[in-house]
Structures are given as C-alpha cells and as structure tokens.
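Structure first, commentary second.
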Amino acid sequence: MEYMKIHLISLEQDLEDISNEMEKLDMNSKAYTELDFEYNHLGGQILTARHFLSVATDIMNETKEN
C-alpha cells in the first residue's frame, strides 16, 4: 500500500507538471494536443490508483475487525 501511495503522489505531480506546460501552449498546437492526451491518460491512472488504495484500505480494515 505504501508503494501505491507513493506512486499516486508521483502521478499527481506529473499531472501538475503537464498542466503547467499546457498553460504555456496554444490550444490549437500539436504539442498541446499531445499533452492533453497525456493529461487525460494520467487522470485515468490517478483514478485507478485511488480506487485500488480505497479497496486495499477497506480489505485491511475488514481483516483487522475479524
């Protein structure tokens, strides 16, 4: 779980970096389009990592209760 937490932080930092780069670009440029794709891809990875962490936390909490 600790690895997943660290990985999530890394993904969030990458997303912030991409967002900052996108702000500097023309929305109609190819570079912007490529970064937009990566931004959305990272967003999906973040949602997945959060879901995995949530499920893992629930499992650990249930195990402690038993």
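Here the structure is a predicted model, which is why all the values come from computation and not from measurement.
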Give, for atom [atom1] of [X] and atom [atom2] of [Y], the distance between the pair rounded to the nearest 0.5 Å.
X: Thr48; Y: His7; atom1: OG1; atom2: NE2; result: 9.5 Å
X: Lys30; Y: Leu35; atom1: NZ; atom2: CG; result: 12.0 Å
X: Ile18; Y: Leu42; atom1: CD1; atom2: CG; result: 4.5 Å
X: Asn40; Y: Leu15; atom1: CG; atom2: CG; result: 9.0 Å
X: His51; Y: Met4; atom1: NE2; atom2: CE; result: 10.5 Å
X: His41; Y: Gln45; atom1: NE2; atom2: CD; result: 4.0 Å

Let me check something: do Leu25 and Met27 share a hydrophobic cluster, defined by ILVMFWY side-chain heavy atoms less than 4.5 Å apart, either directly or through other members? yes
Taking Met60 as the starting point, is it possible to reach Leu53 by hopping between hydrophobic residues whose side chains are less than 4.5 Å apart? yes
Heavy atoms of other groups near Met1 CE, more than 12 under 6.0 Å: yes
Does Tyr32 OH have over 12 foreign heavy atoms under 6.0 Å away? yes
How about Glu12 and Arg50: do any of their side-chain heavy atoms sit closer than 4.5 Å? yes
Of the non-hydrogen atoms in Ala49 and Leu11, which two are nearest, and what is the gap between them? CB-CD1, 4.4 Å
